[in-house]
Protein chains: 2
Amino acid sequence: MKDVAAAAGVSLGTVSNVLNRPAVVSAATRERVERAMAELGFVRNESARQLRAGTSRALAYVMLDGGNPFFHDVAEGIETAAEDADLSLFVCNSSGRTEREAKHLDRLLQQRVQGILITPVDPDAPHLADLAQRGLPFVMVDRFSRAGGHCSVAVDDVLGGRIAVEHLIDRGHRRVAFVGGPASIGQVRERLQGARAVWAEFGMPEEDLIHLPTEALTVNEGRSAGERLAGLPSRRRPTAAFCANDLLALGLLQHAVTAGLRVPDDLAIVGFDDIDFAAAAAVPLTSVRQPRQELGRTAARLVLDEATNPGHVHEQATFVPALVARASTGTVRR
Amino acid sequence: MKDVAAAAGVSLGTVSNVLNRPAVVSAATRERVERAMAELGFVRNESARQLRAGTSRALAYVMLDGGNPFFHDVAEGIETAAEDADLSLFVCNSSGRTEREAKHLDRLLQQRVQGILITPVDPDAPHLADLAQRGLPFVMVDRFSRAGGHCSVAVDDVLGGRIAVEHLIDRGHRRVAFVGGPASIGQVRERLQGARAVWAEFGMPEEDLIHLPTEALTVNEGRSAGERLAGLPSRRRPTAAFCANDLLALGLLQHAVTAGLRVPDDLAIVGFDDIDFAAAAAVPLTSVRQPRQELGRTAARLVLDEATNPGHVHEQATFVPALVARASTGTVRR
DNA sequence: GGGTGGGATTGAAATGTTTCAACTATCCTG
DNA sequence: CAGGATAGTTGAAACATTTCAATCCCACCC
C-alpha cells in the first residue's frame with residue numbers, strides 16, 4: 001500500500017479509503033490509485049487486515065469423514081451461506097480421529113476464525129467444551145451433545161429409524177437386520193432406537209430385529225456385515241436390512257449381489273442419508289433422506305447469528321427425514 | 001503475549017523465546033511463563049505471526065469437483081505431506097466453475113499461502129499464468145498446460161486409454177464405445193487418443209470405436225449416455241464401453257442393469273480412476289487405476305521444493321496407470 | 001579485585017493494514 | 001468579506017507477533 005500511495009502521489013490513508021470507502025475519494029484520485037494498484041500488481045495482505053480487525057473473515061467446517069459424500073454435500077450448503085456473507089470457508093477433515101480433530105481446532109483457534117461448524121468424533125470431548133467456554137461461536141452439525149451451551153443442527157434420527165423400519169414392515173418383512181455401529185456414535189444408537197420402537201409397536205417379537213454391529217460406517221464394513229448375514233441359519237436369516245448409512249448399505253448390496261442374492265426379493269435394503277451414489281447403485285437404493293445442503297445452510301446461519309447478534313440464543317434445529325423408496329425395497333413380500 | 005509477560009513477570013521478548021526458542025530460556029522462567037499461558041488461556045495469534053513472517057504456514061489445494069471421490073483422495077495425499085512439513089492445508093472446491101476458481105485463487109493470494117496446488121477448470125486460463133508470473137509456487141495436479149513454467153503431476157492418460165481398450169480387445173470385443181466429454185477437458189481427449197491408437201494398431205476399423213460424447217463427467221451423464229447407447233441399432237451397438245471416468249461408468253452401469261442388460265455379457269464396462277465406489281458397485285467395475293494419494297503427495301513435495309529450494313527446477317511428474325480387472329469385464333467373448 | 005565469557009533477559013524496530021480525528025481547500029451564504 | 005459548511009485528504013496510533021542487538025548478571029580465572 002505504501003508503494004501504491006507513492007506511485008499515485010497520495011497518502012496511505014487515501015489508498016485505504018479507495019479500498020474501503022471508495023465513495024469518499026474523488027473520482028480522479030480513485031482512478032489514479034487504482035491504476036497504480038494494477039501496475040504494481042498490488043494484493044491486499046489478509047494477515048495485516050486480520051491483525052487489525054482482530055478476527056479473520058472466515059468460517060470453518062471440520063467434517064468427520066471426507067470419504068463420505070454426505071459430508072461433502074453438507075459442506076456445499078455451508079459454503080453457499082458463507083459466500084453470501086462474504087466469508088471464506090476452511091474445510092478440514094478429521095477422518096474420525098480425535099487427535100486430528102483437536103489439531104485442526106487448535107489451528108482454527110489460532111487463525112481467529114469467526115465461527116466453527118463441526119461434526120465431531122465425540123460430541124462430549126473436552127476440547128469441544130473448551131471452545132464453547134472460550135466464547136467462540138460454534139455449531140454442531142448432525143450431532144447433539146448432552147452438554148448444550150451451543151447450537152446444533154441435525155435430523156431426527158429416531159424418526160428416521162422408525163420410517164425405515166415401518167417401510168420394511170409395510171413391504172411384508174417379518175425378520176429384519178439393523179446393520180450399524182459402533183454404538184459410540186449417537187446417530188447409530190438413535191436410528192436403532194427408532195427401529196426398535198416401531199418394531200415393538202407393530203407387535204413384532206424382539207428377537208426378529210437382529211442387530212449386526214459394524215466397526216465403522218464404511219462400504220467395507222457393509223460387505224463384511226453381508227458375509228455375517230449370509231452366514232446365519234436360513235430360518236434366522238432376515239429378509240431385509242436397515243443400514244445405519246448408505247455406505248454400509250452399498251457394501252451390503254454389493255456383497256448380496258456377488259453372492260447371488262436377488263435384491264430386493266431375497267434381501268431388501270434400506271440405507272440412510274440418500275447420498276447421490278444411492279440412487280446410482282446398480283439396484284437403486286431406498287434410503288432415508290436428510291436435507292444435506294439445508295443442514296449446512298442452517299448451521300452456517302446459526303453460527304453467523306451467534307457471531308454477530310449479541311442477543312443470540314442457542315437453538316437446536318431438527319429436520320425431518322423422509323423416505324425415498326427405490327428398487328432395493330421394491331416388491332411387497334407375500 | 002503482553003498479558004502473559006505481565007503475569008509471569010518477564011518481558012515480551014522472553015515470552016516469545018519460550019514459544020520459539022525454548023532452549024535459550026532457563027527452566028524456571030520457562031515454567032513460569034508456561035503456567036501463565038495456561039492460566040490465561042493464551043492462544044497465539046496466527047495473523048500477527050504471518051504478518052511478521054510475510055507468509056502463512058499453509059498450502060492450498062483447489063480441486064475441480066468435490067463430488068468426485070477421486071479428488072478427495074488426492075487431497076488426502078496432499079494433506080499427509082503438508083502435515084509432515086507442519087503446514088496447514090486449505091481445501092477449496094471450484095465445482096468446475098471458472099469464476100469460483102478465480103475467487104478462490106484471489107483469496108489464497110491475499111492469504112499469502114506458501115504454494116498452490118490446483119486441478120484447474122482450464123489449464124490455460126489467464127489467471128493461472130498470473131500466478132506463475134507472480135512467483136507463487138504452484139503445481140498443476142492431474143492436468144498439464146501447454147505453457148509450462150510450473151510443475152505438474154499426472155498420470156499418462158494416453159497410456160491409460162490404451163490399457164483400457166487393449167483389455168477390451170483382449171476380452172474379444174470388436175465394437176467399443178468411448179463415453180466421455182466435453183472435449184475441452186484434456187484428460188478426455190488424451191484417453192480417447194490412447195484408445196484410438198491401440199484400436200488402430202490392432203487393425204480394427206475406425207468406425208467400430210464409437211464416441212458417445214457427454215457434457216460432464218458425472219453419474220447422471222453416464223446414465224444418459226446409457227440411454228443413447230441402448231438406442232443404437234443392434235448391429236451398430238457396442239458390446240463394451242470405456243468411460244472417461246468412474247462416475248460415468250457407474251451411471252452407465254446403473255442404466256444398463258435397470259434396462260435389463262447383463263454386465264459384462266451384454267455390455268462390458270471399463271472406468272477410469274478406480275475410486276472406492278468402483279470396487280463397491282453391484283457389478284464391481286474394472287477400472288484404470290491412478291495412484292491418487294501418491295499423486296497428491298508428489299504434488300505437495302514439488303510445491304514445497306519450489307517454495308523452499310532456490311535451485312528448484314520445474315518437473316512434470318508422470319505416473320503410470322494400471323488396469324484393475326473386475327467383474328464388469330469378466331468374461332471372454334466368444 | 002579486575003577481567004572475561006557466557007547464559008539469560010530485555011527493548012525496540014518492523015511487518016501491512018484500518019480507523020479516526022484533524023487538517024486543507026473550496027464553495028456558499030448572509 | 002467573514003464565517004461556516006462540505007468534500008477530500010492526511011498522519012498517527014493500534015493490532016500481536018518475531019528478531020536481534022544490547023544489556024545484565026553471575027561464575028570463574030588469573
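Letters A, B, ... mirror the listed sequences (proteins, then strands); counts begin at 1. Below, all heavy atoms of this structure are taken into account, side chains as well, without hydrogens, waters or symmetry copies.
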Inset, instruction - Determine: side-chain N/O of B:Arg49 to OP1/OP2 of D:dT18, distance under 4.0 Å, yes or no. - result: yes
Inset, instruction - State whether B:Glu31 and B:Arg35 are salt-bridged, where the test is any N-O pair (Lys NZ or Arg NE/NH1/NH2 against Asp/Glu carboxylate O) under 4.0 Å. - result: yes
Inset, instruction - Starting from P on D:dT17, measure out to CG on B:Leu51 and report it in whole angstrom. - result: 12 Å
Legend entry - Whole-Å gap separating C1' (D:dT17) and CZ (A:Arg52): 16 Å
Legend entry - Option among A:Leu89, A:Leu295, A:Thr298 that satisfies the side-chain contact (heavy atoms from CB on, under 4.5 Å) test with A:Ile78: A:Leu89
Legend entry - Length of the CE-P vector between A:Met1 and C:dT19, whole Å: 11 Å
Inset, instruction - Could you check which of D:dT18, D:dT10, C:dT10 has an atom nearest any side-chain atom of B:Val10? - result: C:dT10
Legend entry - A:Gln50 CD - D:dT17 C1' separation (whole Å): 14 Å
Legend entry - Atom pair distance, as rounded to whole Å: CD in B:Gln110 and C1' in C:dT15: 17 Å
Inset, instruction - Applying salt bridge (Lys or Arg N to Asp or Glu O under 4.0 Å) between A:Arg292 and each of A:Asp73, A:Asp142, A:Asp273, report the one that passes. - result: A:Asp73
Legend entry - B:Arg143 and B:Gln187 side chains, donor-acceptor separation under 3.5 Å: yes
Inset, instruction - Please list, by residue number, the residues of residues 41-48 of chain B whose heavy atoms come closer than 4.0 Å to an atom of DNA chain D; answer none if no residue qualifies. - result: B:Phe42, B:Val43, B:Arg44, B:Asn45, B:Ala48
Inset, instruction - Flag the pair A:Thr318 / A:Val155 as yes when at least one side-chain heavy-atom distance between them is below 4.5 Å, and no otherwise. - result: no
Legend entry - Close approaches to DNA chain C from residues 14-37 of chain A, in residue order (heavy atom, under 4.0 Å): A:Ser16, A:Asn20, A:Arg21
Inset, instruction - Describe the nucleic acid contact of B:Gly13 in one word from base, sugar-phosphate, nothing, applying a heavy-atom distance below 4.0 Å. - result: base
Inset, instruction - Give the rounded distance in Å between these two atoms: CG of A:Leu12 and P of D:dA14. - result: 17 Å
Inset, instruction - Fit a plane to each ring of A:Phe138 and A:His150, take the angle between them on a 0 to 90° scale, and name the class: parallel (under 30°), tilted (30 to 60°) or perpendicular (over 60°). - result: tilted
Legend entry - A:Val303, A:Leu59, A:Leu136 screened by side-chain contact (heavy atoms from CB on, under 4.5 Å) with A:Gln114, the one that passes: A:Leu59
Inset, instruction - Side-chain contact test, heavy atoms from C-beta onward, threshold under 4.5 Å: evaluate it for B:Arg44 versus B:Leu19 and give yes or no. - result: yes
Inset, instruction - May I have the distance from B:Gln111 (atom CD) to C:dG16 (atom P), rounded to whole angstrom? - result: 16 Å
Legend entry - A:Arg100/B:Glu79 under salt bridge (Lys or Arg N to Asp or Glu O under 4.0 Å): CA gap, chis, key distance, verdict: CA-CA 11 Å; A:Arg100 228 173 130 177; B:Glu79 176 128 31; 3.4 Å; yes
